[in-house]
Amino acid sequence: MTDGIAGDRLDKLNALRDAGIDPYPARVAKGQPIAEVLDGFDDKIDSTVTIAGRLSQIRDFGKLRFSHLTDRTGSLQIGFERDRLAEFWPTRKKIESNDLISVTGVLGHTKKGERTIWATEVTLASKALRPAPEKWHGLQDQEQRYRMRYVDLFANPGVREAFATRSKIVREVRNYFDSLDYLEVETPILQPLFGGAAARPFTTHHNALDMPLFLRIAPELYLKRLIVGGMERVYEIGRVFRNEGISTRHNPEFTMLESYEAWADYKDIMDRVEGLFQHLVDKVLGGDGKVTFREVEYDLKPPFQKARYLDLFAEQNPGVDWFDHDAVTARAKQLKLKTDGIEPAKLANDVFEATVEDTLSGPVFVHDYPTAISPLAKRMVDDARVTERFELFVAGMELGNAFSELNDAIDQEQRFKDQVVDKDDETPGEVDVDYVTALEFGMPPAGGLGIGIDRLCMLLTGSTSIRDVVLFPLLRRIDPNANAGGDGEANTAQ
RNA sequence: GCUUCCGUAGCUCAGUCGGUAGAGCAGCGGAUUCUUAAUCCGCGGGUCGAAGGUUCAAGUCCUUCCGGGAGUACCA
């Protein structure tokens, strides 16, 4: 517990206790938000207010000292004068930078014109045992910023704002769907079978039922059961889990929006996506759709471009037929892609990703995906090899995925069976019989949508890493015994 | 997983050719009634990520390991 704690701070804590001051009182006067005090400040000169927050940057002049107090809404200078603070003055040095305090005082200006609360009463709210990071540079070490986000949040300006923006984005996504009479629902995170995407799941086990379970990789199959049930318009914003690699745009747990609307097709969903972006541009970006991401400017104001999947493929791979396995394999080898043991449709899509995705600066709807890589989407009327599906790309990044939902139970069962035959780590080894049963009861034609909320937040806040929009990104655990254990063995061996 | 870079005081960072570990901030003592990265004088603070190796001598060179960043792969 004492490890790493500045001994001086502990000494001050004890000195405060000896002086009869509780360093962790149950309650203090919390006063009003600093932003509220600053609003119309000049009209409130000489009035008495109380504020509370974290203390920083003490500047001492003997009988006078200045500091700043910061709360969630803003920051205000405090002036401590000996003559106004008879009771507090003797203990002033025990209250230091990074401590949490409550201050009552008179509003005014300094000789230099700085807005200041001249303290008449100071109460310690909570003594900090660790010092704040360097006041000018803040906490720079990326690893420490993620491991100790609580420090990052108070020490680095802008971090709290970025997460406040994330909160606003999620709120406005909800407002948008709520305004369209969608119902927000919650479906199982623990699932006996996983589906709705292609990804390796995390596995776990329920003791009482003695049953293996998977953490969901998508909520899709449950939400569509609700469409069968007549809910007609539903959405869910929730965490999904994929046991895959970690990168600047991947975290093993991330937040997904999925929505489903009966009596709609994928063209209707395109309109919904454009409507959502228009809403976010208005509410989050203040009407201007321009964002800068990785030093490139994008305009998120709809309408968006549209391009057929197979047309894009043909442009970047002239003469190669997506459905001609030999031609695709030759092209893949030319691109130095892995070809061994990769099924034809997957390989053709690998070629698409290698040649087309980087060219999609967007925003652009890529539409009409091949059926073989779209097991839950409805086929085109005039070409069964292609489905009514689109993905939204911005900055070469896949932001959303949508399609006219497959509601043909027999076709769906067959596609599940095909997956079982080609089973890999990313598909369950059995058909989701209950889902097929649900479809057999009849699902209205419906359009569905999935959007990665974290990536949406990256784009809207200009963050280059997903870790900058996830409060606590997954990091490797530090084993506290890793080094000590080694030393211990070495010592006992001697 | 692979490639590459990084890890030095609580924080931000220097550390040359291998030759006695440094600065600023933070902290401690002192001065100071207008600072806002306050200033001035003095002081304390190190498992140089860990373990081995080379060497008369390792923060520095080599190997392995731990942790992290970036890129890449996986992520239909």
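Note on naming: letters A, B, ... go to the chains in the order of the sequence lines (proteins, then strands), and numbering restarts at 1 for each one. Below, each value reflects all heavy atoms present in this structure, side chains not excepted, and no hydrogens, waters or symmetry copies.
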> Check the angle between the aromatic planes of A/Y369 and A/Y309 and answer parallel, tilted or perpendicular using the 30° and 60° thresholds.
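It falls in the tilted class, 30° to 60°.
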> Using a cut-off of 4.0 Å on non-hydrogen atoms, how would the nucleic acid contact of A/Q57 be classed: base, sugar-phosphate, or nothing?
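Sugar-phosphate, no base atom in range.
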> Could you tell me whether the phosphate oxygens of B/rC11, OP1 or OP2, come under 4.0 Å of any side-chain nitrogen or oxygen in A/R130?
no
> When you measure from the side chain of A/W118, which nucleotide among B/rA38, B/rC11, B/rC34 comes out closest?
B/rC34
> Do the rings of A/Y266 and A/F390 sit parallel, tilted or perpendicular, given the 30° and 60° boundaries?
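The rings of A/Y266 and A/F390 sit tilted, inter-plane angle from 30° to 60°.
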> Which nucleotide wins on minimum distance to the side chain of A/F61, given the candidates B/rU36, B/rC34, B/rA76?
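The answer is B/rC34, which lies nearest to the side chain.
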> Suppose we define a pair by two distances each less than 3.5 Å, Watson-Crick or G-U wobble; what does B/rA73 pair with here?
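Here B/rA73 is not engaged in any pair, so there is no nucleotide opposite it.
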> Provide the distance between the two P atoms, one in B/rG59 and one in B/rU8, to the nearest whole Å.
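It comes out at 15 Å once rounded to the nearest Å.
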> Within this structure, what is the CZ-to-P distance between A/R200 and B/rA76, rounded to whole angstrom?
12 Å
> Which atom pair, heavy atoms only, marks the closest approach of A/I466 to A/R249?
CD1-O, 3.9 Å
> At their closest point, which heavy atom of A/L153 faces which heavy atom of A/F163, and how far apart are they?
CD2-CD1, 4.2 Å
> Taking atom P in both B/rC6 and B/rU60, compute the distance separating them and give it to the nearest angstrom.
13 Å
> If pairing requires Watson-Crick or G-U wobble contacts with both distances under 3.5 Å, which nucleotide is the partner of B/rG27?
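When the pairing criteria are applied, B/rC43 turns out to be the nucleotide that pairs with B/rG27.
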> Does A/R115 reach a base, just sugar-phosphate, or nothing at all? Heavy atoms under 4.0 Å.
nothing
> Write down the distance between CZ (A/R59) and C1' (B/rC40), rounded to a whole number of angstrom.
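It works out to 18 Å between those atoms.
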> With a cut-off of less than 4.0 Å, is there a side-chain N or O of A/T248 near OP1 or OP2 of B/rG71?
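It does, given that an N or O in the side chain of A/T248 lies less than 4.0 Å from OP1 or OP2 of B/rG71.
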> Between A/E236 and A/R216, does at least one N-O distance fall below 4.0 Å, as a salt bridge requires?
yes
> Would you measure the distance from the C1' atom in B/rU72 across to the matching atom in B/rU12 and give it in whole Å?
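Taking atom C1' in both B/rU72 and B/rU12, they lie 31 Å apart.
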> If I pick the P atom on B/rA9 and the same atom on B/rA51, what distance separates them, to the nearest angstrom?
16 Å
> Over 60° means perpendicular and under 30° means parallel, so tell me whether A/F365 and A/F304 are parallel, tilted or perpendicular.
tilted
> Whether A/R415 contacts B/rA76 is assessed here as follows: a side-chain N or O lying under 4.0 Å from the phosphate OP1 or OP2. Is that the case?
no
> A/A197 near the nucleic acid: base, sugar-phosphate alone, or nothing, with a heavy-atom cut-off under 4.0 Å?
base
> Have a look at A/R331 and tell me which of A/D326, A/D324, A/N317, A/D321 forms a side-chain hydrogen bond (donor to acceptor under 3.5 Å, both in side chains) with it.
A/N317
> Evaluate the side chain to side chain contact (heavy atoms under 4.5 Å, CB included) criterion for residues A/L312 and A/F352: first the C-alpha distance (whole Å), next the side-chain angles of each, then the deciding distance (0.1 Å), finally the verdict.
CA-CA 8 Å; A/L312 290 169; A/F352 177 88; 4.1 Å; yes
> Roughly how far apart, to the nearest Å, are B/rC61 and B/rA14 at atom P?
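It comes out at 15 Å once rounded to the nearest Å.
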> Would you say B/rU33 has OP1 or OP2 under 4.0 Å from some side-chain N or O of A/R65?
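A/R65 to B/rU33 OP1/OP2: no side-chain N or O under 4.0 Å.
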> If you check the A/K93 side chain, which of B/rC34, B/rG69, B/rG30 turns out closest?
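For the A/K93 side chain, the nearest candidate turns out to be B/rG30.
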> Rounded to whole Å, how long is the line connecting atom OH of A/Y146 with atom P of B/rG69?
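Answer to the nearest Å: 7 Å.
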> Would you mind reading off the distance between A/E134 atom CD and B/rC25 atom P, rounded to a whole angstrom?
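That distance rounds to 9 Å.
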> Choose from B/rU36, B/rA76, B/rC11 the nucleotide whose nearest atom is closest to any side-chain atom of A/L139.
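Within the option list, the nearest is B/rC11.
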> Across all strands, who's sitting opposite B/rU60 as a Watson-Crick or G-U wobble pair, both distances under 3.5 Å?
none
> What's the closest nucleotide to the side chain of A/K135 if the choices are B/rA37, B/rA76, B/rC13?
B/rA37
> NA contact type, A/D141, heavy-atom cut-off 4.0 Å: base, sugar-phosphate, or nothing?
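The residue A/D141 makes sugar-phosphate contact but no base contact.
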> Do any N or O atoms from the side chain of A/T371 and from the backbone of A/R385 form a donor-acceptor pair under 3.5 angstrom?
yes
> Applying a 4.0 Å non-hydrogen cut-off, can you work out what A/R147 is touching in the nucleic acid: base, sugar-phosphate, or nothing?
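Result for A/R147 = sugar-phosphate.
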> Rounded to whole Å, please give me the gap between CZ in A/F80 and C1' in B/rU36.
13 Å
> Rounded to the Å, how far apart are A/D350 CG and B/rC74 P?
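To the nearest whole Å, that distance equals 6 Å.
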> Counting heavy atoms from C-beta on, name the nucleotide in B/rA76, B/rC34, B/rG27 closest to the side chain of A/A198.
B/rA76
> Could you tell me the Watson-Crick or G-U partner of B/rG67, where both distances fall under 3.5 Å? Say none if there is no partner.
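When the pairing criteria are applied, B/rC6 turns out to be the nucleotide that pairs with B/rG67.
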> Name the pairing partner of B/rU32, where a pair is Watson-Crick or G-U wobble with both distances under 3.5 Å, or state none.
none
> Which is true for A/G79 with a 4.0 Å heavy-atom rule: it touches a base, it touches only sugar-phosphate, or it touches nothing?
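Answer is nothing: A/G79 stays at 4.0 Å or more from every strand.
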> Quickly work out the A/I78 CD1 to B/rC34 C1' distance and round it to whole Å.
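One finds 15 Å between C1' of B/rC34 and CD1 of A/I78, rounded.
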> Taking the minimum atom-to-atom distance to the side chain of A/P131, which one of B/rG69, B/rC11, B/rG10 wins?
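Taking heavy atoms from C-beta onward, the closest nucleotide is B/rG10.
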> Say you pick atom C1' in B/rC74 and the same atom in B/rC66; how far apart are they, in whole Å?
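That atom pair is separated by 24 Å.
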> Between A/L474 and A/I246, just flag the one whose closest nucleotide in RNA chain B comes earlier from the 5' side.
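Closest to the 5' end, via its nearest nucleotide, is A/L474.
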> Which is more 5' along RNA chain B, the nucleotide nearest A/E426 or the one nearest A/S465? Just name the residue.
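By nearest-heavy-atom nucleotide position, the 5'-most residue is A/S465.
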> Would you tell me if any nitrogen or oxygen in the side chain of A/Q140 comes within less than 4.0 Å of OP1 or OP2 on B/rC11?
no
> Between B/rC34, B/rA76, B/rG67, which one does the side chain of A/E143 approach most closely?
B/rG67
> Whole Å only: how far is the NE2 atom of A/H137 from the P atom of B/rA26?
13 Å
> At 4.0 Å (heavy atoms only), tell me whether A/D83 reaches a base, stays on the sugar-phosphate, or touches nothing.
base
> Taking the six-membered ring for Trp, is the centroid-to-centroid distance between A/F66 and A/F80 below 6.0 Å?
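No, they do not, as the ring centres are separated by 6.0 Å or more.
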> Using purine N1 to pyrimidine N3 plus N6-O4 or O6-N4 for Watson-Crick, or N1-O2 and O6-N3 for G-U wobble, both under 3.5 Å, which nucleotide pairs with B/rU54?
none
> Pick the P atom in B/rA26 and in B/rU63, then give their distance to the nearest Å.
41 Å
> Measure from the side chain of A/R476, starting at C-beta and using heavy atoms only, and say which of B/rG67, B/rC34, B/rC13 lies closest.
B/rG67
> From B/rG69, B/rA38, B/rU33, pick the nucleotide closest to the side chain of A/E81?
B/rU33
> What contact category does A/K346 fall into here, base, sugar-phosphate, or nothing, at under 4.0 angstrom with non-hydrogen atoms?
sugar-phosphate
> Go ahead and name the base partner of B/rG22; Watson-Crick or wobble counts if both distances stay under 3.5 Å, otherwise write none.
B/rC13
> Quote, to the nearest angstrom, the C1' distance that separates B/rG46 from B/rG27.
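The answer is 16 Å between these two C1' atoms.
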